Amino acid sequence: QIVLISAHFPDKPSRCCFSILRFLDYILQAPLQSHRNLHLPTPPSNGLYLHPHPESFSSYLLPDIRGYISWKSIGIAINNGVNTNMVKDYKCDECYTISLNTPLLEAIKIIHQHEFVVVEEHNSICAIITTADISCQYLTITEPFVLLEEIENQIRYLLNDKFLVDDIKKVCQEHARDVRDIDDLTFGEYIALMQKDELWKKIEVHIDKKLFLKWLDEVREIRNDVMHFSPDGISKEQRNHLIKMAELLKTMIDTKMERT
């Protein structure tokens, strides 16, 4: 949603300033995502450097940026009575540029304050990062932790008050630690507890035991990757598995509550 304005003809009127709106409409139709490695098109003759459709983005020589136009700047200008087709009347002058090596937390503070930054490397634009990018990245990073917490809490709910302390301690015989209830178990120990036929019956759930424990073991493996901060993150398939398991466990709990 950003149009950068270069030093070339910064005051030149466009055919109509609202052609920018049509361009922004085009941008808004695409899913918001990180704009690293997006392809910047050849700058048009009216001197506008456009933030393109976020599909591909290679570095472009850093122009002498004089400002930018966004939905916000257009809205503010119209609200202030501007009714021209001159680019200069709709632009904001302050356009913040940061280095590719800027520490992330420092960059986030700048983006939060100014809504976006232009990232440059070797005097070339290599990215435009917006608050939407930060939000999407935050979701990508935190979602697995939130889903795993939800799944673990749901399992605890299913197992809580179903077993004697001796039943729980037998599962943890290999580990010299004080275990008093379900909350003291690891994820793998939840699975080990449910593998025993006599204990599985106490849970009172109507689902195939072998298949259910197989799905939970897949969650355990994903959990290990997440908790050890795998540099590749989790795959789309792993994310979908966590979502489906969280939904399944919620359905199982809701069904049990309806029966009681």
Side-chain angles (χ1 to χ4, degrees), residues 28-34 54-55 108 131-260:
L28 287 170
Q29 292 172 12
L32 288 170
Q33 54 183 280
S34 175
E55 290 294 327
I108 288 175
T131 51
D133 297 320
I134 297 298
S135 298
C136 290
Q137 187 65 19
Y138 177 79
L139 176 62
T140 300
I141 293 172
T142 59
E143 186 182 38
F145 291 94
V146 174
L147 288 171
L148 286 168
E149 181 183 17
E150 182 180 347
I151 290 170
E152 194 153 352
N153 287 337
Q154 289 167 329
I155 292 173
R156 287 174 181 167
Y157 183 89
L158 286 174
L159 302 184
N160 195 37
D161 297 330
K162 297 295 182 182
F163 308 106
L164 299 173
V165 174
D166 288 342
D167 294 330
I168 298 173
K169 286 185 175 180
K170 287 178 183 178
V171 175
C172 308
Q173 287 178 346
E174 298 179 2
H175 306 283
R177 71 180 196 276
D178 185 25
V179 176
R180 298 183 180 181
D181 56 35
I182 291 296
D183 291 344
D184 296 325
L185 299 182
T186 65
F187 199 94
E189 288 168 343
Y190 296 147
I191 298 174
L193 191 67
M194 289 183 279
Q195 282 175 338
K196 299 180 182 297
D197 290 334
E198 66 276 14
L199 300 182
W200 171 259
K201 293 177 182 178
K202 294 184 179 182
I203 306 173
E204 299 177 326
V205 291
H206 301 286
I207 190 171
D208 183 82
K209 171 189 168 185
K210 184 177 180 181
L211 186 60
F212 180 69
L213 295 183
K214 175 180 177 293
W215 290 340
L216 280 185
D217 195 56
E218 291 176 13
V219 171
R220 180 190 61 80
E221 292 177 353
I222 297 171
R223 184 181 184 278
N224 288 342
D225 289 341
V226 170
M227 294 306 175
H228 289 89
F229 302 101
S230 171
D232 297 328
I234 65 172
S235 66
K236 181 179 179 181
E237 291 74 19
Q238 289 175 318
R239 175 181 177 273
N240 289 339
H241 184 68
L242 293 181
I243 292 173
K244 289 178 181 178
M245 279 304 298
E247 292 174 348
L248 173 63
L249 287 165
K250 183 180 183 301
T251 302
M252 292 169 64
I253 291 171
D254 290 343
T255 303
K256 286 194 66 173
M257 292 178 67
E258 289 174 0
R259 295 202 307 262
T260 58

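Keep in mind the model is a prediction, meaning the values are calculated, not measured. All heavy atoms count here, side chains included; hydrogens, waters and symmetry mates do not.
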**Item:** Min side-chain heavy-atom separation Met194-Leu159 under 4.5 Å
**Value:** yes

**Prompt:** Any idea which heavy atoms bring Phe163 and Ile182 closest together, and the distance?
**Reply:** CD1-CD1, 4.0 Å

**Asked** When rounded to the nearest 0.5 angstrom, what is the spacing between CE in Met245 and CE in Met252?
**Response** 7.5 Å

**Complete:** For Asp254, the side chain to side chain donor-acceptor pair (under 3.5 Å) test, sequence neighbours excluded, returns Lys250

**Message:** Once side chain to side chain contact (heavy atoms under 4.5 Å, CB included) is applied, do any residues pair with Phe145, and if so which ones, sequence neighbours excluded?
**Reply:** Val226, Met227, Phe229

**Student check: side-chain heavy atoms of Ile168 and Asp184 closer than 4.5 Å** = no

**Asked** Does Tyr157 reach the side chain of Leu249, with side-chain heavy atoms less than 4.5 Å apart?
**Response** no

**4.5 Å side-chain heavy-atom contact, Ile234 and Leu242** = yes

**Request:** Could you list the residues that satisfy side chain to side chain donor-acceptor pair (under 3.5 Å) with Asp217, not counting sequence neighbours?
**Result:** Arg220

**Item:** Under the side chain to side chain contact (heavy atoms under 4.5 Å, CB included) test, residues paired with Glu150 that sit two or more places apart
**Value:** Leu147, Gln154, Ala246

**Prompt:** For residues 235-244, which residue pairs qualify under salt bridge (charged side-chain N to carboxylate O under 4.0 Å, His left out), counting only residues two or more places apart or in two chains?
**Reply:** Glu143-Arg239

Which pairs would a plain distance check flag for residues 202-216, meaning a side-chain donor or acceptor within less than 3.5 Å of a matching protein atom at least two apart in sequence or in another chain?
unit_1 : atom_1 : unit_2 : atom_2 : d
Lys202 : NZ     : Asp167 : OD2    : 3.2
Asp208 : OD2    : Lys210 : N      : 3.3
Asp208 : OD2    : Leu211 : N      : 2.8
Lys209 : NZ     : Gln195 : O      : 2.6
Lys209 : NZ     : Asp197 : OD1    : 2.4
Lys214 : NZ     : Glu218 : OE2    : 2.8

**Request:** Please step through side chain to side chain contact (heavy atoms under 4.5 Å, CB included) for the pair Trp200 and Leu193, ending with a clear verdict.
**Result:** CA-CA 8 Å; Trp200 171 259; Leu193 191 67; over 6 Å; no

**Prompt:** Is any side-chain heavy atom of Ile155 less than 4.5 Å from a side-chain heavy atom of Phe187?
**Reply:** yes

**Request:** Drop me the distance from Ile108's CD1 to Asp133's CG, to the nearest 0.5 angstrom.
**Result:** 11.5 Å

**Message:** Would you compute the distance between atom NZ of Lys162 and atom CG of Leu199 and round it to the nearest 0.5 angstrom?
**Reply:** 12.5 Å

**Prompt:** Got Gln238 and Asp225 here, is their nearest side-chain heavy-atom distance under 4.5 Å?
**Reply:** yes

